[in-house]
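Along the sequence shown, residues are numbered consecutively beginning with 1.
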Amino acid sequence: MPDHVYKLVEVVGSSETSIEEAINSAVARASKTLRNLRWFEVVQTRGEIRDGKAHFFQVHLRLGFTME
């Protein structure tokens with residue numbers, strides 16, 4: 001089994017709906033320009049409160065991909 005070497009990049013995804021949607025949109029967008037994405041780590045979550053409810057979500061992610 002070959003050794004794996006990973007490169008890390010950081011992105012921020014956002015959504016008006018949910019944290020999960022923010023994660024998925026960030027991963028989907030990153031996958032358009034990065035090959036071999038393997039994992040993600042949620043570093044930070046934050047959001048906006050409007051009318052006493054969570055309204056907007058931002059998720060700071062680290063993405064790992066294997067180098068060619």
Side-chain angles (χ1 to χ4, degrees):
M1 179 176 190
D3 291 333
H4 290 280
V5 175
Y6 296 95
K7 173 75 176 167
L8 296 175
V9 296
E10 294 189 24
V11 298
V12 176
S14 60
S15 168
E16 290 186 355
T17 309
S18 69
I19 291 169
E20 184 176 357
E21 187 175 297
I23 292 169
N24 286 329
S25 69
V27 170
R29 176 59 185 90
S31 70
K32 290 182 180 182
T33 55
L34 298 172
R35 294 187 304 273
N36 303 318
L37 285 172
R38 298 290 184 238
W39 53 267
F40 71 89
E41 173 186 7
V42 174
V43 177
Q44 184 179 53
T45 57
R46 59 186 164 265
E48 179 183 327
I49 299 169
R50 190 178 292 176
D51 299 324
K53 296 180 183 178
H55 173 70
F56 189 78
F57 304 89
Q58 283 189 331
V59 181
H60 175 184
L61 302 171
R62 283 191 189 112
L63 303 176
F65 60 94
T66 53
M67 299 178 70
E68 295 179 347

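With a 4.5 Å cut-off on side-chain heavy atoms, Val11 and Leu63 count as touching. For the pair Ser14/Phe57, no side-chain contact is recorded, criterion being any heavy-atom separation below 4.5 Å from C-beta on. Within the 4.5 Å cutoff, the side chain of Leu34 has heavy atoms near those of the Val9 side chain.
With sequence neighbours left out, the side chain to side chain contact (heavy atoms under 4.5 Å, CB included) criterion links Glu41 to Trp39, Arg62. Under the side chain to side chain contact (heavy atoms under 4.5 Å, CB included) criterion, Arg38 pairs with Tyr6, Asn36, Thr66, sequence neighbours left out.
To the nearest 0.5 Å, atom CD1 of residue Ile23 and atom OG1 of residue Thr45 are 9.0 Å apart. A distance of 9.5 Å separates CD in Glu48 from CD in Gln58, rounded to the nearest 0.5 Å. Between the CZ atom in Phe56 and the CD1 atom in Ile49 there is a gap of 14.0 Å [rounded to 0.5 Å].
Closest of all the heavy-atom pairs between Ala26 and Val12 is CB-C, 4.5 Å. Nearest heavy atoms, Ala22 versus Ser15: N-CB, 3.6 Å. A pairwise comparison of heavy atoms in Val27 and Leu61 identifies CG2-CD1, 4.3 Å as the closest pair.
Within a 6.0 Å sphere centred on CD of Glu10, heavy atoms belonging to other residues, nucleotides or ligands number more than 12.
Judged by distance alone, the side chains of His55 and Glu16 never bring a donor and an acceptor atom under 3.5 Å apart.
By the rule that hydrophobic residues join a cluster once side-chain heavy atoms approach within less than 4.5 Å of another member, Phe65 and Val42 end up as members of one cluster.
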